[in-house]
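Since the structure comes first, as structure tokens, the remarks are kept for the end.
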Protein chains: 2
Amino acid sequence: MRKGEETRTRILDVAEAAVLQKGFGGTSIEELIAETGITKSGFFYHFRDKNELAKALLNRYIENDERIYDEIFSRARELTGDPLQSFLLGLKLLSELLSDLPNGHPGCLVATVCYYERLFDREIQETNRNAVLAWRRRFGRMLREIVEIYPPREPVDVDQLADMVSSVLEGGIVLSKTLKEPNTLAEQVLMLRTFVKMLFLPVAEMPRA
Amino acid sequence: MRKGEETRTRILDVAEAAVLQKGFGGTSIEELIAETGITKSGFFYHFRDKNELAKALLNRYIENDERIYDEIFSRARELTGDPLQSFLLGLKLLSELLSDLPNGHPGCLVATVCYYERLFDREIQETNRNAVLAWRRRFGRMLREIVEIYPPREPVDVDQLADMVSSVLEGGIVLSKTLKEPNTLAEQVLMLRTFVKMLFLPVAEMPRA
DNA sequence: CCCCTCCTGTACCGGCGGTACAGTTTTCGG
DNA sequence: CCGAAAACTGTACCGCCGGTACAGGAGGGG
């Protein structure tokens, strides 16, 4: 029935916001049911325990994340056939999306799970690992297309460069949140874009000077 | 008295390892006293509450962090007078130090605090913010010396570039921990080094081809 | 009408953060 | 070597939280 899914989604929404602000250990089920307007029995009807809540939360987060990247980079791909140009455009679009977030990026669940690892079962840790590997494959795929056309100015490992995208995003989120400077994350993505541009684009002429 | 300091340090050691693996919310005082071999009363003799433990933990972590960066970059500075070369050497030394960690980087307390923020008081959040700002100043100072000599190939904001160092470190730690690939962090630092080199070093001749 | 989904209500358990406070051992300066 | 301060231990207690158990009820669809 549909009603159940709706309640489940509401719980996940409340839980996600809470977890990103306080971590899993800092988020109590009691507060979730209070904010959702549900009873404890109702909560445990939907999720067997906290671990299963985490599992659902993480899976939903990762799926949504993938969807966003799909949209951004396929849109960029439609606008230009060149793999480098579309990658650079994708980073630009991503940075714009990030700087449009009113209260800054709320945080990444993958990082939250990473800093809570020991209290989750293997399945969650594997899910998290696979999410990061999916990023590596995603950006790696695009970068491999690029290196086929544009010889990199310096020898680089494509997977490591793909990981750099994830690094800058994860790190940028931490910086942005800690500094309470919402724009820092978007700036970091643009900085990465500059580097990618420099790495693959032929040497630009010194502008009249 | 010295004995007190010693016990205090032992508690902090145990707590730091636990917090980096499970977060603050996931770390119970009971487990800390069990592992330290102390009683609950003993614990509360040293720290008024969990918040004060966090405060001491974070301050100690930041001080140690600063000390490590001081050592690395002053050593690099002694080996060469050129600011760019010493910065690049510093990044190399840092990556070597990171890849020598037997079990990989244990995690960054600044990130842990960042993902737990709402349950700490303002003082801790300010301490954390100041730690990140100190990184920005540290790397910014070095980069400003560089740009005075080496015109960057692309226009960049020095503070944003300084933040990039922190981003890659924080992000690299998350990736390394999540992937359970200890080397990823060191590789990311070297990748950043490549970018800095590309940005400031005059165009290298294409190697015979 | 009955069954299934989607809950509510009640009662209970043990662990944990935290408090209070009295008492004991250890340490070190004088 | 003594005495005072430092560095604990022991005990008892509180309320919140995660989790379990289970009985029951509303509401809609076949």
Side-chain angles (χ1 to χ4, degrees), chain A residues 1-58 60 112-113 115-121 123-124, chain B residues 1-58 60 112-113 115-121 123-124:
Chain A
M1 310 297 162
R2 213 167 351 0
K3 180 86 183 307
E5 278 304 307
E6 193 191 298
T7 306
R8 202 183 138 95
T9 302
R10 239 169 57 241
I11 297 174
L12 288 174
D13 288 341
V14 171
E16 184 169 317
V19 166
L20 287 175
Q21 284 188 346
K22 298 173 289 190
F24 280 97
T27 301
S28 74
I29 293 178
E30 309 258 349
E31 87 182 82
L32 298 182
I33 67 180
E35 197 165 339
T36 317
I38 210 179
T39 61
K40 207 179 211 180
S41 318
F43 175 88
F44 283 106
Y45 171 78
H46 289 285
F47 305 98
R48 204 181 311 129
D49 51 28
K50 222 182 180 185
N51 197 75
E52 195 155 300
L53 171 69
K55 216 177 283 180
L57 219 48
L58 183 60
R60 195 182 74 144
T112 304
V113 169
Y115 276 108
Y116 195 68
E117 48 168 344
R118 291 283 160 202
L119 294 188
F120 287 133
D121 58 23
E123 193 185 337
I124 290 198
Chain B
M1 312 288 163
R2 218 193 312 24
K3 180 83 182 311
E5 278 303 306
E6 192 191 298
T7 305
R8 202 184 137 96
T9 301
R10 238 169 58 241
I11 297 173
L12 288 173
D13 288 341
V14 171
E16 184 169 316
V19 165
L20 287 175
Q21 284 189 348
K22 299 173 289 190
F24 280 98
T27 301
S28 73
I29 293 178
E30 309 258 348
E31 86 183 83
L32 297 182
I33 66 180
E35 198 164 338
T36 317
I38 210 179
T39 61
K40 208 180 213 181
S41 318
F43 175 88
F44 284 107
Y45 171 78
H46 288 285
F47 305 98
R48 205 179 312 130
D49 51 29
K50 222 181 178 185
N51 196 76
E52 195 156 300
L53 171 69
K55 216 177 284 181
L57 220 47
L58 184 60
R60 195 182 74 145
T112 304
V113 169
Y115 276 107
Y116 195 68
E117 48 167 344
R118 290 284 159 201
L119 293 188
F120 287 134
D121 58 22
E123 192 185 337
I124 291 197

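The structure presented is a predicted model; accordingly, all values stated were derived computationally and were not measured. In what follows, every chain begins at residue 1, and chains take the letters A, B, ... in the order their sequences are listed.
Across all their heavy atoms, A:Phe120 and A:Asn51 have their closest contact at CD2-OD1, 3.4 Å. Taking both residues in full, the closest heavy atoms of A:Tyr115 and B:Thr112 are given as CD2-OG1, 3.5 Å, listed atom of the first, atom of the second, then distance.
Taking atom CG of A:Leu32 as the reference point, atom C1' of D:dG19 lies 14 Å away to the nearest angstrom. Rounded to whole angstrom, the span from the CD atom of B:Glu6 across to the C1' atom of D:dC8 amounts to 14 Å. Regarding B:Ile33, its CD1 atom lies at a distance of 13 Å from the P atom of D:dC8, rounded to whole Å. When rounded to the nearest whole Å, the span between CZ of A:Phe47 and P of D:dG18 equals 14 Å.
When each of A:Phe44, A:Phe24, A:Phe47 is paired with A:Leu53, the side chain to side chain contact (heavy atoms under 4.5 Å, CB included) condition holds for A:Phe47 and for no other.
Contact between the side-chain N/O atoms of B:Tyr45 and the OP1/OP2 oxygens of D:dC8 is not found at any separation under 4.0 Å. Contact between the side-chain N/O atoms of B:His46 and the OP1/OP2 oxygens of D:dA7 is not found at any separation under 4.0 Å. Taking only side-chain nitrogens and oxygens, A:Thr7 comes nearer than 4.0 Å to OP1 or OP2 of C:dC7.
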Identify all pairs in which a protein N or O lies below 3.5 Å from an N or O of nucleotides 16-23 of chain C, and state each distance.
unit_1: C:dG17; atom_1: OP1; unit_2: B:Thr27; atom_2: O; d: 3.4
unit_1: C:dG17; atom_1: OP1; unit_2: B:Ile29; atom_2: N; d: 2.9
unit_1: C:dG17; atom_1: OP2; unit_2: B:Ile29; atom_2: N; d: 2.8
unit_1: C:dG17; atom_1: OP2; unit_2: B:Glu30; atom_2: N; d: 3.2
unit_1: C:dG17; atom_1: N7; unit_2: B:Lys40; atom_2: NZ; d: 3.2
unit_1: C:dG18; atom_1: OP2; unit_2: B:Lys50; atom_2: N; d: 3.1
unit_1: C:dG18; atom_1: N7; unit_2: B:Lys40; atom_2: NZ; d: 3.2
unit_1: C:dG18; atom_1: O6; unit_2: B:Lys40; atom_2: NZ; d: 3.2

Candidate pair A:Glu16 and A:Leu12, rule side chain to side chain contact (heavy atoms under 4.5 Å, CB included), full reasoning: CA-CA 6 Å; A:Glu16 184 169 317; A:Leu12 288 174; over 6 Å; no
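B:Asp49 meets the side chain to side chain donor-acceptor pair (under 3.5 Å) test with no other residue; sequence neighbours excluded. Taking A:Glu30 as the reference, A:Lys40 meet the side chain to side chain donor-acceptor pair (under 3.5 Å) condition, with sequence neighbours excluded.
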